[in-house]
Participant: 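The structure under discussion is supplied below as structure tokens; questions concerning it will follow.
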Amino acid sequence: MTRMPVPPFSYDDAVTKVRMAEDAWNSRDPDKVALAYTPDTRWRNRSQFINGRDEVRQFLAAKWEAEQEYRLIKEIWAQGDNRIAVRFCYEYRDATGQWFRAHGNENWEFDTGGYMAARHASINDVAIRESERLFRWDQGPRPAAHPGLSDLGL
């Protein structure tokens with residue numbers, strides 16, 4: 001099976017792939033999200049190394065349990081034939097009620113079927129006040145009219 005769009009990526013294909021990933025992650029459904037990756041996908045997420053879909057699923061389930069009211073915006077940074085570079089921010093609160101905005105960069109590599117084979121993420125969390133939140137849509141995918149990162153000055 002293929003997961004459109006597939007490499008080689010045009011710029012528009014890469015933008016589509018980025019938005020698809022953003023929408024999937026905003027679903028906070030680890031079973032659904034894990035299906036976008038190859039069965040033997042390799043990740044570096046901060047200082048954690050994750051191998052394979054099963055570990056991705058476990059990682060995401062724990063992530064979204066800890067990062068409550070998670071909302072994410074991704075933006076394309078660059079693209080090549082089978083690679084996409086992304087910058088992103090997400091907001092969440094922890095179990096104590098402290099809000100954070102995480103700022104990060106990802107490098108993605110895809111197989112010929114359009115599944116992500118490798119993901120390298122560098123992320124920094126910044127504590128924010130609830131009044132500083134910018135991502136206030138209802139839980140789920142970001143509305144089409146909601147500003148992106150550049151429009152928000154992030």
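These numbers were taken from a predicted model, which means no experiment stands behind them.
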Participant: When rounded to the nearest 0.5 angstrom, what distance separates CG in Asp81 from OG1 in Thr112?
Facilitator: 13.0 Å
Participant: Pairing donors with acceptors under 3.5 angstrom, does anything connect the side chains of Trp108 and Glu106?
Facilitator: yes
Participant: Checking Gln68 now: which residues fulfil side chain to side chain donor-acceptor pair (under 3.5 Å) with it, not counting sequence neighbours?
Facilitator: Arg93
Participant: Would you please test Lys17 and Phe9 for side chain to side chain contact (heavy atoms under 4.5 Å, CB included) and show each step?
Facilitator: CA-CA 9 Å; Lys17 204 71 155 175; Phe9 297 125; 4.2 Å; yes
Participant: Please give me the minimum heavy-atom distance between Gln98 and Ile128, naming the atom from each residue.
Facilitator: NE2-O, 2.9 Å
Participant: Is the backbone of Phe135 close enough, under 3.5 Å, to the side chain of Glu91 for a donor and an acceptor to pair up by distance?
Facilitator: yes
Participant: Taking all non-hydrogen atoms of both residues, which atom of Arg136 and which atom of Glu130 are closest, and how far apart?
Facilitator: NH2-O, 2.6 Å
Participant: Go through the side-chain N and O atoms of Asp13 and Ser10 and say whether any donor and acceptor fall under 3.5 Å apart.
Facilitator: yes
Participant: Under a plain distance cut-off of 3.5 Å, with no hydrogens placed, do Ser122 and Arg44 share a side-chain donor-acceptor pair?
Facilitator: yes
Participant: Output yes when a side-chain donor or acceptor of Thr2 lies under 3.5 Å from a complementary backbone atom of Met4, and no otherwise.
Facilitator: no
Participant: Do side-chain atoms of Arg57 reach the backbone of Leu35 as a donor and acceptor pair under 3.5 angstrom?
Facilitator: no
Participant: Could you measure the distance from the CG atom of Asp54 to the CG atom of Asp40? Nearest 0.5 Å is fine.
Facilitator: 12.0 Å
Participant: With a distance cut-off below 6.0 Å to the six-membered ring centre and an angular limit of 45° from the axis, does Arg119 pair with Trp43 as a cation-pi contact?
Facilitator: yes
Participant: Under the 3.5 angstrom rule, does the side chain of Glu22 hit a backbone N or O of Val18 as a donor-acceptor pair?
Facilitator: no
Participant: Evaluate the side chain to side chain contact (heavy atoms under 4.5 Å, CB included) criterion for residues Tyr37 and Arg42: first the C-alpha distance (whole Å), next the side-chain angles of each, then the deciding distance (0.1 Å), finally the verdict.
Facilitator: CA-CA 9 Å; Tyr37 304 94; Arg42 297 173 333 277; over 6 Å; no
Participant: Provide the closest heavy-atom pair for Asn26 versus Gly140 in the form atom of the first, atom of the second, distance.
Facilitator: CB-O, 3.4 Å
Participant: Hey, which of Ile123, Leu134, Val126, Leu149 is the one that makes side-chain contact (heavy atoms from CB on, under 4.5 Å) with Cys89?
Facilitator: Leu149
Participant: Ring of Trp99, cation from Arg133 - is the NZ or CZ under 6.0 Å from the centre and inside 45° of the axis?
Facilitator: yes
Participant: If hydrophobic clusters are built by linking Ile, Leu, Val, Met, Phe, Trp and Tyr wherever their side-chain heavy atoms come under 4.5 Å apart, do Leu60 and Ile50 end up in the same one?
Facilitator: yes
Participant: Just wondering, more than 12 heavy atoms not from Glu132 lying within 6.0 Å of its CD?
Facilitator: yes
Participant: Do Trp77 and Val86 share a hydrophobic cluster, counting only Ile, Leu, Val, Met, Phe, Trp and Tyr and linking them when any side-chain heavy atoms are less than 4.5 Å apart?
Facilitator: no
Participant: Should Phe88 and Trp25 be counted in the same cluster of Ile, Leu, Val, Met, Phe, Trp and Tyr side chains packed under 4.5 Å apart?
Facilitator: yes
Participant: When the aromatic ring centroids of Tyr92 and Phe100 are compared, is their separation below 6.0 Å?
Facilitator: yes
Participant: Judged by atom type as modelled, is there a donor-acceptor pair below 3.5 Å linking the side chain of Glu75 to the main-chain atoms of Ser150?
Facilitator: yes
Participant: Given the rule in the side chain to side chain contact (heavy atoms under 4.5 Å, CB included) test, do Asp151 and His146 qualify, once you have shown the distances and angles that lead to the verdict?
Facilitator: CA-CA 9 Å; Asp151 296 325; His146 191 282; over 6 Å; no
Participant: Are Val33 and Phe110 linked, directly or through other ILVMFWY residues, by side chains that come within less than 4.5 angstrom of each other?
Facilitator: yes
Participant: Applying the 4.5 Å side-chain criterion to the ILVMFWY set and letting contacts propagate, would Trp64 and Val56 be lumped into a single cluster?
Facilitator: yes
Participant: How close do Arg28 and Tyr70 get, heavy atom to heavy atom, and via which atoms?
Facilitator: CD-CB, 3.8 Å
Participant: Could you walk me through whether Thr38 and Met116 pass side chain to side chain contact (heavy atoms under 4.5 Å, CB included), step by step?
Facilitator: CA-CA 6 Å; Thr38 61; Met116 195 180 300; over 6 Å; no
Participant: Quick one: does Asp94's side chain have a donor or acceptor within less than 3.5 Å of a partner on Gly97's backbone?
Facilitator: yes
Participant: Between Asp138 and Arg71, does any side-chain N to carboxylate O distance fall below 4.0 Å?
Facilitator: no
